[in-house]
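A quick write-up on the structure given underneath.
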Amino acid sequence: MNESGALDGTGLLVARIQASDGNSSLQLSSQLPVFAINPWDVMLCISGTIIACENAIVVAIIFYTPNLRTPMFVLIGSLATADLLAGVGLILNFVFQYVIQSETISLITVGFLVASFTASVSSLLAITVDRYLSLYNALTYYSEKTVLCIHLMLIVTWGVSLCLGLLPVLGWNCLDDYSSCSIVRPLTKSNLTLLSASFFLVFIIMLHLYIKICKIVCRHAHQIALQQHFLTASHYVATKKGVSTLAIILGTFGASWLPFAIYCVVGDIDYPSVYTYATLLPATYNSMINPIIYAYRNQEIQRAMWVLFCGCFQSKVSFRSRSPSDV
């Protein structure tokens, strides 16, 4: 029996008890609270709160620091903005689910979450492309052509995300046909399959680019070592550190999103909802980890945090233009 059937059965039981004995209904209501809150929804709300707070700091730092306006930091700001909106969406989803129950609001909230998480994943892809370009075209990276390329990637990222988020609101939903619903109601199976396929495509492209980045990093490190006429231990340490960092970035992204993306394809609306929550919650952790990997580890952002929140050493703070490969 699915959850809607269970709810209908509970309502019928309450009606029979009220018809037979008015006092019994009071006893039942005292044992079963009317507004039972799902612990999974609470965890998603807590996750959204942490995500919103973390990324709000990153957005504030980049916005109020004029020196952090290079293409690299613009992309990091785009990622932080997308994750910030995703965190706010998780909070709003919890509030509207238990305070204002409306199909229209449900559609808007789901569309908002789809657009936010799509923008987050797309921004990660844009950052990967930027890192690749900074290594592959190192001599011409700091040019107007690169700035134009970054702006085009941002336009495509947010344009596609907005379109995918509007699809459920504009009618691609299962409110009128329960059999077409996916594991994430009110999204249809075909809609969720499209989103999953898009994620798999992004993941494959990122994997391909990071493999190319690893090859370029290893080749550059080897060439530098040969120019010094010997291979030092620091050469192997630097190469190993660079490859490990890229593996952690891609591994974190895959471990967070792959379980949910796979379950979106193989799951069914009649499956227990705990499976959906168990795969969706780790996906939100990616937005929680992103500011740590891409922002807080950066020295320029660390210095800007001191200036913004503490006002310390303002006259001594110096910014150095860095390549995305250093982040």
Over all heavy atoms of both residues, which pair between [X] and [Y] is shortest? Give the atoms and the distance, please.
{"X": "Thr284", "Y": "Phe117", "result": "CG2-CZ, 4.1 Å"}
{"X": "Val74", "Y": "Arg69", "result": "CG2-O, 3.8 Å"}
{"X": "Leu68", "Y": "Ala304", "result": "CD1-CB, 4.1 Å"}
{"X": "Tyr132", "Y": "Ile216", "result": "CE1-CD1, 3.9 Å"}
{"X": "Ile91", "Y": "Cys45", "result": "CG1-O, 4.1 Å"}
{"X": "Glu54", "Y": "Ser287", "result": "OE1-O, 4.4 Å"}

For [X], give me all partners under side-chain contact (heavy atoms from CB on, under 4.5 Å), at least two apart in sequence or on another chain.
{"X": "Ala119", "answer": "Ala82, Trp158, Ser161"}
{"X": "Tyr64", "answer": "Ala60, Leu308"}
{"X": "Ile289", "answer": "Thr252, Ile293"}

[atom2] on [Y] to [atom1] on [X], rounded to 0.5 Å:
{"X": "Leu280", "Y": "Trp257", "atom1": "CG", "atom2": "CH2", "answer": "7.0 Å"}
{"X": "Asp130", "Y": "Met72", "atom1": "CG", "atom2": "CE", "answer": "8.0 Å"}
{"X": "Ile127", "Y": "Ile249", "atom1": "CD1", "atom2": "CD1", "answer": "9.0 Å"}
{"X": "Leu195", "Y": "Phe260", "atom1": "CG", "atom2": "CZ", "answer": "8.5 Å"}
{"X": "Asn67", "Y": "Glu300", "atom1": "CG", "atom2": "CD", "answer": "9.0 Å"}
{"X": "Asn55", "Y": "Leu79", "atom1": "CG", "atom2": "CG", "answer": "7.0 Å"}

What orientation do [X] and [Y] show, parallel under 30°, tilted 30 to 60°, or perpendicular over 60°?
{"X": "Tyr277", "Y": "Trp40", "result": "parallel"}
{"X": "Tyr98", "Y": "Phe94", "result": "tilted"}
{"X": "Tyr275", "Y": "Tyr263", "result": "perpendicular"}

Checklist line | Check against side-chain contact (heavy atoms from CB on, under 4.5 Å), Leu75 and Leu154 | finding: CA-CA 8 Å; Leu75 291 177; Leu154 289 175; 3.8 Å; yes
Sub-3.5 Å donor-acceptor pair from the side chain of [X] to the main-chain atoms of [Y], do we have one?
{"X": "Asn173", "Y": "Pro168", "result": "yes"}
{"X": "Gln302", "Y": "Tyr296", "result": "yes"}
{"X": "Thr118", "Y": "Ala115", "result": "no"}
{"X": "Ser106", "Y": "Ser102", "result": "no"}
{"X": "Thr279", "Y": "Thr276", "result": "yes"}
{"X": "Thr188", "Y": "Asn191", "result": "yes"}
{"X": "Asn93", "Y": "Gly89", "result": "no"}

Please answer: with hydrophobic residues joined when any side-chain heavy atoms are less than 4.5 Å apart, are [X] and [Y] in the same cluster?
{"X": "Leu170", "Y": "Leu164", "result": "no"}
{"X": "Leu44", "Y": "Ile108", "result": "no"}
{"X": "Ile262", "Y": "Ile204", "result": "no"}
{"X": "Val121", "Y": "Leu166", "result": "no"}
{"X": "Leu250", "Y": "Tyr285", "result": "yes"}

Item checked: Results of salt bridge (charged side-chain N to carboxylate O under 4.0 Å, His left out) for Asp176 - residues two or more places apart only -> none
Notebook entry, point to check: More than 12 foreign heavy atoms under 6.0 Å from CZ of Phe63: is that the case here?
Noted result: no
Note to self: Does either side chain, that of Ser78 or that of Ser123, offer a donor lying less than 3.5 Å from an acceptor on the other one?
What the structure shows: yes
Next item on the list: Would you check if there is a donor-acceptor pair between the side chains of Ser120 and Asp83 at a distance under 3.5 Å?
Entry: yes
Less than 4.5 Å apart, any side-chain heavy atom of [X] and any of [Y]?
{"X": "Ile183", "Y": "Leu192", "result": "yes"}
{"X": "Leu194", "Y": "Trp172", "result": "yes"}
{"X": "Ile51", "Y": "Leu84", "result": "no"}
{"X": "Tyr294", "Y": "Leu124", "result": "yes"}
{"X": "Thr49", "Y": "Ile46", "result": "no"}

Note to self: What verdict does the side-chain contact (heavy atoms from CB on, under 4.5 Å) test give for Leu167 and Val114, after you've listed the backbone C-alpha separation in whole Å, the side-chain angles of each residue and the deciding distance to 0.1 Å?
What the structure shows: CA-CA 10 Å; Leu167 289 178; Val114 169; over 6 Å; no
Check: According to the salt bridge (charged side-chain N to carboxylate O under 4.0 Å, His left out) rule, which pairs have a member within residues 179-205, sequence neighbours left out?
Finding: Lys189-Asp268
Note to self: For Phe73 and Asn298: C-alpha separation, side-chain torsions, deciding distance, then whether side-chain contact (heavy atoms from CB on, under 4.5 Å) applies.
What the structure shows: CA-CA 10 Å; Phe73 288 109; Asn298 184 274; 3.5 Å; yes
Item checked: Contact list for residues 145-187, test disulfide (SG to SG under 2.5 Å), sequence neighbours left out -> Cys174-Cys181
Checklist line | Check: Tyr210 ring centroid to Phe253 ring centroid under 6.0 Å | finding: no
Margin query: Is there a side-chain contact (heavy atoms from CB on, under 4.5 Å) between Arg131 and Leu135? Walk through the geometry before answering.
Written below: CA-CA 7 Å; Arg131 286 182 168 182; Leu135 292 172; 5.8 Å; no
